[in-house]
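One structure is given here, and the rest of the page talks about it.
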Amino acid sequence: MVKPIITVEHLFAQYGDTQVLKDVNLEVNTGEILVVMGGSGSGKSTLLNHMLGLKTPTSGTIMIDDVNIFNAKNKQLRNLRKKMGVAFQGGALLSSLNVADNVRLPLEHNTSLDTQTIDIMVRMKLEVMNMADTGHLMPSELSGGMLKRAGLARAVIMDPKLLFFDEPSAGLDPTTAVELDELILTLRDAMNMTIVVVTHELESVFKIADRVVVLFGGEVVANGTVDDIKNSPDERIHNMINRQPNTHRDDGEVYFNRLLNKDKD
Amino acid sequence: MNIEIEKYNNYQVIKLYGEVDLSNSRSIKLDIIKLIKSKNNIIVDFTHLQYIDSSGMASLVEAFNEAKENDTEFHIVGANGSPLQVLQLTRLNTVFNLADSVEVVGNNG
Ligand SMILES: Nc1ncnc2c1ncn2[C@@H]1O[C@H](COP(=O)(O)OP(=O)(O)OP(=O)(O)O)[C@@H](O)[C@H]1O
Ligand SMILES: [Mg+2]
């Protein structure tokens with residue numbers, strides 16, 4: 001049995017009075033690509049932000065590499081962060097620095113390697129991302145696909161064992177999206193990375209996922225292989241895969257009460 | 001991580017064991033560059049290397065450059081598993097002189 005590197009248990013999160021995550025439980029096994037999939041507003045980014053320790057839940061725990069991230073010591077968290085890379089949606093590069101300086105930032109902050117070693121590492125990672133000779137460009141000079149790849153280069157510059165990637169292929173043309181998917185698979189295979197991808201792009205899910213967790217209204221409604229998801233009898237998942245709007249609606253009386261703002265019960 | 005250095009014909013063979021990463025890549029680089037500066041031909045033996053990160057690979061690129069500047073030989077042999085995949089991913093397999101074993105290089109040099 002493979003040991004999970006991430007365990008999420010009974011995670012509840014809310015913004016104000018709104019429950020956004022409702023009893024989320026999941027595990028990420030070492031070396032796998034887990035895709036968290038779900039419609040807009042289903043809670044994907046909220047879940048990701050909790051796994052990164054950027055948000056504190058109402059209740060529940062997340063263990064990463066045997067560290068409980070919500071009550072760990074600062075030093076433990078710092079050590080953990082060095083093993084984690086994050087590629088945010090849109091790349092999240094600093095606009096005042098060129099590509100190479102963006103990519104090298106984590107090395108400057110966390111290591112005492114020689115400048116030449118860092119230079120070579122940066123060029124190597126840009127080469128892997130198919131971005132050779134772009135180190136001197138400013139983020140404003142990059143296309144959407146290049147921004148994502150530059151963000152990915154920065155995310156993996158420390159060779160993290162755990163990579164989080166928010167919406168890798170959203171907003172990209174199909175060819176660029178496929179290239180990015182290939183890159184994710186290669187990183188897992190060659191660097192033994194464990195990768196958590198958040199996306200609503202179905203093609204990408206089916207191509208890269210070892211396992212899929214489907215969120216719906218903040219709840220995990222499925223957790224299985226791509227085939228499990230494709231063959232799911234759940235109407236909500238079926239609709240999601242076939243790009244049907246969600247037809248599972250309240251009945252007329254509930255709607256009527258809502259229109260008149262009547263208390264339900 | 002463990003490193004053994006021994007002579008084989010005209011070469012100094014650097015055998016890497018275990019994992020090369022941020023914690024040791026710089027000192028390995030300095031060891032190798034020292035040997036190169038005293039005009040030794042180098043074989044870096046990856047046979048027992050389980051993992052090498054990009055700081056390790058970059059350090060070997062620097063050592064290779066030092067060898068070129070000193071007109072000495074620099075070979076990597078026995079790459080397998082994850083280190084071989086990293087060589088391919090980074091396309092450094094097109095940069096380094098790769099061979100199967102110490103003997104293949106050492107008996108022809
Ligand atoms: N900062 C916030 N304050 C209040 N509500 C929020 C906040 N962030 C998110 N929400 C709400 O939480 C719910 C889940 O949002 P989340 O961003 O996690 O969804 P998502 O699955 O990432 O959606 P998308 O695919 O559109 O990015 C939504 O109903 C959203 O309105
Ligand atoms: Mg989101």
Side-chain angles (χ1 to χ4, degrees), chain A residues 30-31 78-79 81-85 100 103-104 106-133 135 149 152-163 179-180 182-195, chain B residues 1 3 14 16 18-34 36-37 44 46 48-70 74 76 78-96 98:
Chain A
T30 306
R78 264 202 308 280
N79 283 334
R81 289 232 165 81
K82 285 184 198 167
K83 300 185 213 160
M84 294 168 38
V103 173
R104 70 190 300 135
L107 289 173
E108 302 280 3
H109 282 244
N110 296 302
T111 76
S112 49
L113 292 167
D114 297 333
T115 305
Q116 189 180 30
T117 313
I118 292 180
D119 288 342
I120 294 172
M121 289 170 76
V122 168
R123 293 189 197 111
M124 219 155 74
K125 283 288 171 0
L126 289 176
E127 183 87 30
V128 171
M129 300 302 154
N130 211 355
M131 300 253 314
D133 289 326
R149 282 179 284 146
L152 186 55
R154 186 178 59 188
V156 299
I157 192 66
M158 300 269 293
D159 296 317
K161 47 192 253 186
L162 191 51
L163 174 67
E179 276 173 19
L180 216 57
E182 296 281 352
L183 206 51
I184 292 171
L185 288 169
T186 313
L187 286 174
R188 193 270 310 270
D189 293 341
M191 316 286 289
N192 292 327
M193 283 183 196
T194 305
I195 305 181
Chain B
M1 174 64 209
I3 174 169
I14 291 113
L16 302 177
E19 310 200 338
V20 174
D21 58 27
L22 288 171
S23 68
N24 51 33
S25 57
R26 187 165 183 276
S27 81
I28 292 169
K29 174 180 79 176
L30 296 179
D31 284 350
I32 300 177
I33 285 182
K34 203 169 174 190
I36 294 171
K37 281 196 193 299
V44 182
F46 271 27
H48 303 284
L49 183 63
Q50 271 143 22
Y51 173 82
I52 179 165
D53 73 356
S54 37
S55 75
M57 284 297 183
S59 298
L60 291 176
V61 171
E62 290 177 85
F64 184 37
N65 183 47
E66 190 71 30
K68 288 200 164 177
E69 286 176 359
N70 282 275
F74 187 96
I76 293 176
N80 64 91
S82 163
L84 178 60
Q85 288 193 302
V86 175
L87 281 168
Q88 289 161 346
L89 171 69
T90 54
R91 301 204 314 109
L92 288 176
N93 56 339
T94 64
V95 170
F96 290 125
L98 300 181

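Sequence lines set the chain letters: A, B, ... in the order given, protein chains first and strands last, and positions in each chain run from 1.
Closest approach of B:Ala58 and A:Met124 over heavy atoms only: N-CE, 4.3 Å. Taking both residues in full, the closest heavy atoms of B:Thr90 and A:Val128 are given as CA-CG2, 3.8 Å, listed atom of the first, atom of the second, then distance. B:Arg26 and A:Ser112 get closest at one heavy-atom pair: CD-O, 4.4 Å.
Contact annotation for A:Asp159: both backbone and side-chain heavy atoms come within less than 4.5 Å of a heavy atom of chain B. Contacts of A:Met121 with chain B are made by both backbone and side-chain atoms, with heavy-atom separations under 4.5 Å. Only the side chain of A:Glu127 comes within less than 4.5 Å of a heavy atom of chain B; its backbone N, CA, C and O stay farther away. At a 4.5 Å heavy-atom cutoff, B:Leu87 makes no contact with chain A through either its backbone or its side chain. The contact between A:Thr111 and chain B is made entirely by side chain atoms (from C-beta outward), counting heavy-atom distances below 4.5 Å. Proximity to chain B is absent for every atom of A:Ile118, based on heavy atoms less than 4.5 angstrom apart.
Rounding to the nearest 0.5 Å places CD of A:Gln116 at 4.5 Å from CD of B:Glu62. Summarising the geometry, atom CE belonging to A:Met191 is positioned 7.5 Å from atom OG belonging to B:Ser82; distances are rounded to the nearest 0.5 Å. Note that NZ of A:Lys161 is 13.5 Å distant from CG of B:Asp53, once rounded to the nearest 0.5 Å.
The greatest number of non-hydrogen atom pairs below 4.5 Å with chain B, out of A:Asp189, A:Ile157, A:Ile120, is found for A:Ile120.
A 4.5 Å side-chain heavy-atom check between B:Ser25 and A:Leu113 finds at least one atom pair inside the cut-off. Residues A:Lys82 and B:Leu22 fail the side-chain proximity criterion, which asks for heavy atoms closer than 4.5 Å.
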